[in-house]
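Here's the structure we're looking at; comments come further down.
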Amino acid sequence: MAVKIEKKITGYAVVSAEDKEKAVAGASVARDKAEAELPVADVIQMHERIERPEVLIGSTYKIKSPLVEHAMYVTINDIVLNAGSEHEQRRPFEIFVNSKSMEHFQWIVALTRIMSAVFRKGGDVTFLVDEMKAVFDPKGGYFKAGGVYMPSLVAELGSIIEDHLKSIGMIHDPEMSPARRALIAEKRHAYEQRSKKKSDVAAPAQAQEPIDYTANMEDPAEDIAVTGDGTSFPPSASMCHKCSTKAVVIMDGCATCLNCGYSKCG
């Protein structure tokens with residue numbers, strides 16, 4: 001492209017390839033210097049060299065298992081990193097288990113020390129949940145309050161750690177779709193209505209003569225109620241292999257879970 005020169009030329013110089021490289025290098029140095037002068041956020045991540053503060057925030061959870069005579073109390077203490085800044089976060093720092101029962105004392109102390117060491121290492125510690133929940137007791141598991149199956153005492157400890165990590169934001173539950181929520185609500189409502197009708201039919205008969213419940217053991221009328229802590233399921237419900245909750249009932253000839261909506265009939 002032609003350029004019209006309107007002023008008198010007083011001097012000139014030929015720009016060589018070496019001059020171009022120097023100009024690019026100078027611009028790069030200036031840019032790096034400008035970036036170095038910008039304020040950098042000093043974000044502290046969890047690592048093993050962080051010293052324990054005098055005060056930690058803790059949460060205590062209770063385990064009442066049929067495998068032990070006395071209840072167990074699990075305390076998880078958290079450290080707050082970058083307090084007061086936009087990078088503030090809570091991370092687990094140590095764990096303790098206390099109980100009157102002494103039969104599991106040795107392995108519980110060893111387990112809590114190892115888990116505390118893993119917490120202080122930092123990084124992704126959520127793998128502990130899957131590893132502990134996959135431990136099965138050869139003598140068989142048990143159902144805890146709410147009808148959730150626990151394959152072992154270690155698995156319930158893993159479940160408590162999972163709940164704690166969810167409360168501090170390290171684990172996030174996948175959100176249930178609106179369609180799935182609507183399906184579960186529909187199944188619960190249908191079961192409640194069916195149980196209510198059977199109760200209304202059975203009430204007049206009870207005033208006349210005793211009812212032989214053994215004649216209808218296949219599908220007795222049972223109550224289901226929604227409480228502030230969740231949902232209480234019928235006593236005769238069986239365990240769901242998808243959500244490990246004792247909430248499967250027979251509806252319209254098909255096994256249906258009133259907790260997660262799973263059904264063998266699709």
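Index from 1, following the sequence.
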Okay, side chain of S116, backbone of I95: is any donor-acceptor separation there less than 3.5 Å? yes
Say you draw a straight line from NZ of K121 to CZ of R49; how long is it, rounded to the nearest 0.5 Å? 9.5 Å
Is the closest side-chain heavy-atom distance between I63 and V68 below 4.5 Å? no
Are more than 12 heavy atoms, taken from residues, nucleotides or ligands other than H189, located less than 6.0 Å from that residue's NE2 atom? no
Under 6.0 Å from the CZ atom of F143, do we count more than 12 heavy atoms belonging to anything else shown? yes
Polar side-chain atom of S101 near backbone of E103 as donor-acceptor pair, under 3.5 Å: no
Atom of Q45, atom of V43 and distance for their closest heavy-atom approach: NE2-CG1, 3.5 Å
Min side-chain heavy-atom separation M170-P92 under 4.5 Å: yes
Over all heavy atoms of both residues, which pair between I168 and R90 is shortest? Give the atoms and the distance, please. CD1-O, 3.7 Å
Would you call M46 and F119 a side-chain contact if the rule is heavy atoms closer than 4.5 Å? no
Joint hydrophobic cluster, W107 plus L67, side-chain heavy atoms closer than 4.5 Å: yes
Within a strict 4.5 Å, meaning less than it, do heavy atoms of the H104 and V97 side chains meet? no
Restricting to non-hydrogen atoms, name the atom on A134 and the atom on F136 that form the minimum distance, rounded to 0.1 Å. O-CD1, 3.1 Å
Are there more than 12 heavy atoms of other residues, nucleotides or ligands under 6.0 Å from atom NZ of K64? yes
Any side-chain heavy atom of T75 within less than 4.5 Å of one from N98? no
How far does CD of Q89 sit from CD1 of I79, to the nearest 0.5 angstrom? 10.5 Å
Indicate yes or no: at least one non-hydrogen side-chain atom of I50 is less than 4.5 angstrom from one of L81. yes
Test: E94 and R120 ion pair at under 4.0 Å: yes
Does the E88 side chain pair with the main chain of G84, one donor and one acceptor, at a distance under 3.5 Å? yes
Could you state whether L111 and F96 fall into the same hydrophobic cluster, counting links through intermediate Ile, Leu, Val, Met, Phe, Trp or Tyr residues with side-chain heavy atoms under 4.5 angstrom apart? no
Count I, L, V, M, F, W, Y as connected when their side-chain heavy atoms are under 4.5 Å apart, and connections chain through other members. Are V109 and I114 then in the same cluster? no
Minimum-distance pair of heavy atoms, taken over all atoms of D78 and L56: O-CD2, 3.5 Å
Quick one: NZ on K133 to CD on E162, what's the gap to the nearest 0.5 Å? 3.5 Å
Between I171 and V118, is there shared hydrophobic-cluster membership here, with clusters defined by ILVMFWY side-chain heavy atoms closer than 4.5 Å? yes
Hey, what do you get for CD1 (I160) to OG (S59), rounding to the nearest 0.5 Å? 11.5 Å
Taking M150 as the fixed residue, which of V154, L153, V148 is the one that meets the side-chain contact (heavy atoms from CB on, under 4.5 Å) rule? V148
Minimum heavy-atom separation for H70 and S99, please, with both atom names. O-OG, 3.9 Å
May I ask you to check whether over 12 heavy atoms, not counting those of R52, lie within 6.0 Å of atom CZ? yes
Cluster check V55, F93: I/L/V/M/F/W/Y, side chain < 4.5 angstrom: no
Side chain to side chain, M72 and I108, heavy atoms closer than 4.5 Å: yes
How far does OH of Y61 sit from CD1 of I161, to the nearest 0.5 angstrom? 10.0 Å
Closest approach of S152 to Y142 (non-hydrogen atoms, all atoms of both residues): O-OH, 3.8 Å
